[in-house]
> 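Mind having a look at this structure? Questions to follow.
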Amino acid sequence: MGSASSKLYPFSFDRIFNGESRQEEIFTEIAQLVQSALDGYNVCIFAYGQTGSGKTYTMEGGEDEETMGMIPRAVKQIFIASENFKKKGWSYDIDCQFLEIYNETIRDLLEDDETQKHEIKHLSHGRTIVTDAKIVKVTTFNEVHKLLQIASKNRSTGATLCNERSSRSHSIFTLHLIGHNELTDEKYESSLNLIDLAGSERLAVSGATGDRLKETRAINKSLSCLSDVIAALGNNEPHIPYRNSKLTYLLQNSLGGNSKTLMFVNISPLFANLQETLCSLRFATKVNSCQIGTAKKILK
């Protein structure tokens, strides 16, 4: 029969959450980072991992207060904090956008038109725009919540062996904030980006064929490009390959030294997914070893 053997794979990260961790507990870990967007910093928060490991649940969560994910919790904090900041002379204009990158093509999740072409443009003052994409001015949490429900219904999903209903695209939720203090005349412009990355999986494991095969290749390429950009930033290389994928080019102004970045890595507890879990943890280790510089406020 033979004997079972075990092997230890050591990894070290800033914080580890188990399967019993509540959404509120997880959000507490990123609350100060979310707050930084109101203070004038660009912020990126990613969820990375194998298909079915819980990325979308982490970011979007459920319908009730207890299971609410990072995106709605971040939005709620932004509106509560901006209201409190009024006492110190601050006022904020807040715009919302929700995009999807599917097969290296940008789609507006707040619109039904899948045929509309979109282009990424970086403006001279540091803001990034996507042509013909819907930007909605929002003043309350409930307004954003309705937009999140529309986006969730529009997001591309498909079947793979790893998960019957797998997210096959990167979704990028963005709040654009412009702050003005009437007492000091300070002005900030910043963005809060929360990105639910498409499921990472090896081709042999995914069982993908046809369109699913094309999707998986596009996903793996863009995730590899994200890793390359983070590594190049960490090594202070003279050329950062932002243009190698739509995802990194879209987030160019929020990934560099002027930004604050955090990545959740979701893993499956199943032994059958051990190899995919190891791949995710190695990716996380690579990302965690990179120091991308000191964040700076974006003054207007």
Side-chain angles (χ1 to χ4, degrees), residues 4-37 43-78 148 152 155 157 160-173 192-202 205-206 219-220 223 226-227 230 260-292:
S5 61
S6 61
K7 184 176 180 180
L8 184 65
Y9 297 91
F11 293 96
S12 177
F13 301 106
D14 297 315
R15 181 70 190 274
I16 298 172
F17 298 98
N18 60 35
E20 303 301 317
S21 299
R22 295 175 293 112
Q23 297 278 56
E24 181 182 6
E25 178 187 354
I26 296 170
F27 181 72
T28 300
E29 191 70 18
I30 67 168
Q32 288 300 316
L33 195 60
V34 171
Q35 186 71 29
S36 295
V43 175
C44 267
I45 299 173
F46 294 92
Y48 173 93
Q50 176 190 0
T51 297
S53 58
K55 299 182 303 299
T56 300
Y57 179 77
T58 298
M59 298 304 270
E60 298 182 14
E63 290 296 322
D64 57 52
E65 191 79 18
E66 184 177 351
T67 61
M68 195 164 58
M70 301 305 105
I71 293 176
R73 287 177 187 272
V75 171
K76 183 169 280 192
Q77 176 175 313
I78 288 290
L148 293 177
S152 181
R155 191 172 178 194
T157 59
T160 71
L161 289 181
C162 295
N163 191 20
E164 286 186 9
R165 189 167 177 81
S166 166
S167 296
R168 312 305 300 149
S169 62
H170 308 304
S171 73
I172 303 99
F173 172 81
L192 172 63
N193 304 279
L194 294 110
I195 302 102
D196 180 6
L197 295 168
S200 63
E201 54 206 35
R202 292 168 298 156
V205 174
S206 70
I219 290 166
N220 290 344
L223 293 174
L226 175 61
S227 174
I230 293 173
K260 297 187 177 185
T261 305
L262 178 141
M263 181 176 287
F264 288 111
V265 175
N266 296 66
I267 59 174
S268 167
L270 298 178
F271 180 76
N273 293 328
L274 174 62
Q275 292 306 314
E276 293 299 313
T277 294
L278 288 173
C279 286
S280 295
L281 292 174
R282 286 164 182 152
F283 180 91
T285 298
K286 182 178 179 180
V287 170
N288 202 36
S289 67
C290 297
Q291 299 293 326
I292 62 173

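Bear in mind that the values here come from a model prediction, so they are computed numbers and not experimental data.
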> Once ring pair (Phe, Tyr, Trp, His ring centres under 6.0 Å) is applied, what residue pairs with a partner in residues 262-290 remain, sequence neighbours excluded?
Tyr48-Phe283
> Measure across Lys55 and Gly199 and return the closest heavy-atom pair with its distance rounded to 0.1 Å.
NZ-CA, 3.7 Å
> Keeping the roles fixed (side chain from Thr28, backbone from Glu24), state whether a donor-acceptor pair exists under 3.5 Å.
yes
> Check for a donor-acceptor pair, side chain of Asn273 on one end and backbone N or O of Glu276 on the other, with a separation under 3.5 Å.
no
> Starting at CD1 of Ile71, measure out to OG of Ser171 and round the result to the nearest 0.5 Å.
5.5 Å
> Do Met70 and Ile26 make a side-chain contact, defined as non-hydrogen atoms from C-beta onward lying under 4.5 Å apart?
yes
> Out of Leu226, Ile230, Leu262, which one pairs with Phe46 under the side-chain contact (heavy atoms from CB on, under 4.5 Å) rule?
Leu226
> Can you name the nearest heavy-atom pair linking Ser268 to Ser53, along with the distance?
N-CB, 4.2 Å
> Is a side-chain donor or acceptor of Arg73 paired with a backbone partner of Met68 at a separation under 3.5 angstrom?
yes
> Which value, rounded to the nearest 0.5 Å, describes the distance between Thr277 atom OG1 and Tyr9 atom OH?
11.0 Å
> Please report the shortest heavy-atom distance between Val43 and Ser36, naming the atom on each side.
CG2-CB, 4.1 Å
> Using modelled atom types only, decide if a donor and an acceptor are shared between the side chain of Asn193 and the backbone of Ile45 within a distance under 3.5 Å.
no
> Could you tell me whether a side-chain N or O of Asn18 sits under 3.5 Å from a main-chain N or O of Ser21, the two making a donor and an acceptor?
yes
> Measuring from atom OG of Ser169 to atom CD1 of Ile219, what distance do you get when rounded to the nearest 0.5 angstrom?
7.5 Å
> Indicate the atoms forming the closest heavy-atom contact of Met59 with Pro72, along with that distance.
O-CD, 3.6 Å
> Mind listing the closest non-hydrogen atom pair of Asn288 and Ser12 along with its distance?
ND2-O, 3.8 Å
> How close do Phe11 and Phe13 get, counting heavy atoms only, and between which atoms?
CB-CE1, 3.5 Å
> Nearest 0.5 Å, what's the CG-CD1 distance between Asp196 and Ile172?
9.5 Å
> How would you list, by chain and number, every residue that makes a salt bridge (Lys or Arg N to Asp or Glu O under 4.0 Å) with Glu25, sequence neighbours excluded?
Arg15
> Please check: side-chain N/O of Thr285 versus main-chain N/O of Leu281, any donor-acceptor pairing under 3.5 Å?
yes
> Counting only N and O atoms by type, is there a donor-acceptor contact under 3.5 Å from the side chain of Gln50 to the main-chain atoms of Ser280?
no
> Please answer whether the main-chain N or O of Tyr57 pairs with a side-chain N or O of Gln23 as donor and acceptor at a distance below 3.5 Å.
yes
> Enter the distance from Leu33:CG to Gln77:CD here, rounded to the nearest 0.5 Å.
10.0 Å
